[in-house]
J.: 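Just passing along the structure, written as structure tokens.
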Amino acid sequence: MNSNLANQLLASIMKWDAQTLASERAALEFMGSMKYDAYDRYMPGMRFMSSLVQWLNDIEEEDRDEAYKFIKEKLVFISSTQMNYLVDLLYDSKIRPILLDMATTETGMPSYKRSSNVVHNRFEIEKRSALVVGLSDGAHTDILRRSAGFSNEQVLTNYYPDGKKLKDMLDELRKDDKLKSIEKPYFRRIFLIDDFTASGKSFIRYDESNGKYHGKLKKIIDELCTRGYVEKGQKIEHLSYLLNPEQKIQIDILFCIATERAKTSIKDNLDDYLKSVGWQDKVEFNIHIVQLLEDKLSNDIKSDNDLVKIIKKDKHFVEECVISKSYKVGKNDSPWLGFDECALPVVLAHNTPNNSLPIIWQDAERFHGLFPRISRH
């Protein structure tokens with residue numbers, strides 16, 4: 001859509017005079033050029049301004065000012081540049097200090113001697129002995145590997161590799177000169193990486209209908225705790241093949257962005273799962289977040305009565321476009337608040353999470369999303 005045409009339509013839809021249009025246009029064009037135009041899910045030729053015009057036109061006239069205010073003042077958009085920066089920070093702010101603590105402890109050196117050659121040499125061993133696993137295609141393990149200087153043979157882009165890959169990784173670890181002083185080395189620390197979580201449900205949850213736990217973390221814990229040692233000639237099947245069966249499994253779960261409720265949910269459910277299978281003494285885990293989204297972000301949305309009235313209207317909520325089998329896994333009494341009623345005003349440059357308000361991302365014939373989402377479930 002031509003920018004001049006978009007401005008004319010926007011003024012007509014919002015009933016702005018020339019002075020108001022001039023003022024608002026500058027702000028909108030700035031937001032578009034700085035971030036919003038780069039949204040990956042826009043069709044070729046689509047830009048933020050034209051999407052905004054279409055979106056506002058689908059909203060009832062009496063609600064447009066409030067809807068526009070929400071986008072202008074409360075929307076949180078994470079650009080690709082910002083996400084890549086957060087991935088870079090994963091190593092420097094989270095992983096490196098963990099490895100340095102391990103090296104200091106192993107050498108028995110006091111903390112003020114962390115810069116000594118003894119600690120440095122042990123740090124290199126701990127770094128090479130770290131196993132990095134991506135939990136989704138958004139984990140950006142390629143960026144992390146380059147920024148951290150990890151070997152290709154210690155990074156997995158998924159948590160279900162084939163046996164040949166596992167064998168190659170352990171073989172390469174044992175050939176590495178940095179570990180020549182260690183007899184029969186194994187991977188010692190596991191870093192599980194993902195970019196975003198809002199509810200934590202896709203990572204681990206308890207299903208009351210069948211009394212079972214589900215999720216990525218449940219699957220990977222099973223992989224790590226299942227007997228991995230194999231006799232010669234037997235098939236290698238589990239991630240535990242990479243670990244010393246006599247040592248406690250140390251896991252660090254890292255997110256670039258996560259909510260407070262997701263962190264609490266993952267910790268509580270993972271603790272409960274480990275206890276339910278008797279592995280609480282076998283696995284030690286910690287959760288780390290680079291950018292924490294405070295509960296206040298969603299609480300402010302839920303307490304905004306004027307906004308809630310708008311997003312729950314039948315005209316503004318397309319139930320058949322939003323609710324699916326996977327959507328019902330979360331709390332669903334107020335589905336217009338997003339998956340598990342997270343009520344987030346968040347958009348990621350590569351896709352809008354379904355935990356965000358559906359009025360932002362639902363895309364149907366009768367209502368067009370401002371930042372249309374591509375479902376991965």
Side-chain angles (χ1 to χ4, degrees), residues 1-14 16 20-59 63-87 138 140 143 195-196 198 256-257 259 291 293 297-298 300-301 304 307 310-311 316-318 321-322 337-339 342-364 367-376:
M1 184 185 293
N2 181 283
S3 60
N4 289 329
L5 175 59
N7 289 325
Q8 292 173 18
L9 290 172
L10 186 60
S12 175
I13 292 169
M14 297 300 294
W16 288 340
T20 304
L21 175 62
S23 173
E24 297 299 327
R25 174 182 176 179
L28 290 170
E29 289 183 347
F30 178 77
M31 288 188 286
S33 62
M34 285 297 293
K35 284 189 176 183
Y36 300 167
D37 284 345
Y39 183 60
D40 287 350
R41 300 306 174 186
Y42 281 152
M43 296 292 288
M46 177 67 79
R47 292 293 183 268
F48 168 66
M49 189 70 86
S50 53
S51 183
L52 179 65
V53 168
Q54 196 174 40
W55 184 73
L56 287 170
N57 190 54
D58 286 338
I59 289 176
D63 297 325
R64 287 172 185 165
D65 286 339
E66 187 67 30
Y68 176 72
K69 179 184 176 183
F70 161 68
I71 295 302
K72 190 176 177 182
E73 297 180 1
K74 294 187 176 181
L75 187 73
V76 178
F77 188 104
I78 309 296
S79 69
S80 295
T81 300
Q82 289 174 310
M83 183 62 78
N84 290 346
Y85 179 63
L86 292 173
V87 175
H140 303 286
I143 298 173
D195 61 343
F196 178 83
C256 296
I257 306 171
T259 63
Q291 179 63 64
L293 299 181
L297 189 66
S298 59
D300 284 349
I301 298 293
D304 188 336
L307 179 60
I310 294 172
I311 63 178
H316 304 152
F317 178 68
V318 187
C321 178
V322 174
L337 293 176
F339 176 75
C342 286
L344 290 178
V346 174
V347 175
L348 306 180
H350 70 276
N351 204 11
T352 304
N354 65 353
N355 311 90
S356 291
L357 301 174
I359 198 171
I360 299 173
W361 55 263
Q362 62 187 354
D363 202 37
F367 194 95
H368 299 85
L370 178 58
F371 295 99
R373 163 183 164 79
I374 301 297
S375 177
R376 296 191 292 184

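Note: hydrogens, waters and symmetry copies are ignored here, and every other heavy atom, side chains too, is used. Given the structure is predicted, the values throughout are model-derived calculations rather than measurements.
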J.: For Thr259 and Ala198, which heavy atoms make the closest approach, and how far apart are they?
T.: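 Shortest heavy-atom contact: OG1-O, 2.5 Å.
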J.: Starting at CD of Gln8, measure out to CG of Leu21 and round the result to the nearest 0.5 Å.
T.: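 One gets 9.0 Å once the value is rounded to the nearest 0.5 Å.
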J.: Between CZ of Arg373 and SG of Cys321, what distance do you get to the nearest 0.5 Å?
T.: 10.5 Å
J.: So if I apply the side chain to side chain contact (heavy atoms under 4.5 Å, CB included) rule between Phe196 and each of Asn351, Leu86, Leu293, which one comes out positive?
T.: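 The side chain to side chain contact (heavy atoms under 4.5 Å, CB included) with Phe196 is passed solely by Leu293 among Asn351, Leu86, Leu293.
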J.: A quick test of your reading: do over 12 heavy atoms of other residues, nucleotides or ligands sit less than 6.0 Å from NZ of Lys69?
T.: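 For Lys69, atom NZ is not crowded (no more than 12 foreign heavy atoms under 6.0 Å).
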J.: Hey, what do you get for CD1 (Ile359) to CD1 (Ile59), rounding to the nearest 0.5 Å?
T.: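 Interatomic distance, Ile359 CD1 to Ile59 CD1, rounded to 0.5 Å: 4.5 Å.
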J.: Answer whether the closest heavy-atom distance between the side chains of Asn354 and Ser375 falls below 4.5 Å.
T.: no
J.: Could you go through residues 22-37 and list every donor-acceptor pair under 3.5 Å that involves a side-chain atom there, pairing it with any protein atom two or more places apart or in another chain?
T.:
from	atom 1	to	atom 2	distance (Å)
Glu24	OE1	Tyr68	OH	2.5
Glu24	OE1	Lys72	NZ	2.8
Glu24	OE2	Lys72	NZ	3.3
Arg25	NE	Glu29	OE2	2.9
Ser33	OG	Glu29	O	3.0
Ser33	OG	Phe30	O	3.1
Lys35	NZ	Phe77	O	2.7
Lys35	NZ	Gln82	OE1	3.0
Asp37	OD1	Phe48	N	3.0

J.: Would you say Ile311 and His316 make side-chain contact, with heavy atoms under 4.5 Å?
T.: no
J.: Kindly state each residue pair satisfying salt bridge (charged side-chain N to carboxylate O under 4.0 Å, His left out) with at least one member in residues 48-57, sequence neighbours excluded.
T.: none
J.: Is any side-chain heavy atom of Ile13 closer than 4.5 Å to one of Val53?
T.: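 The answer is yes, as the side chains (C-beta and beyond) meet within the 4.5 Å cut-off.
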J.: Between Arg64 and Asn57, which heavy-atom pair has the shortest distance, and what is it?
T.: NH2-O, 3.4 Å
J.: Looking at Asp363 and Arg41, is there a salt bridge between them, counting it only when a charged N and a carboxylate O are closer than 4.0 Å?
T.: no
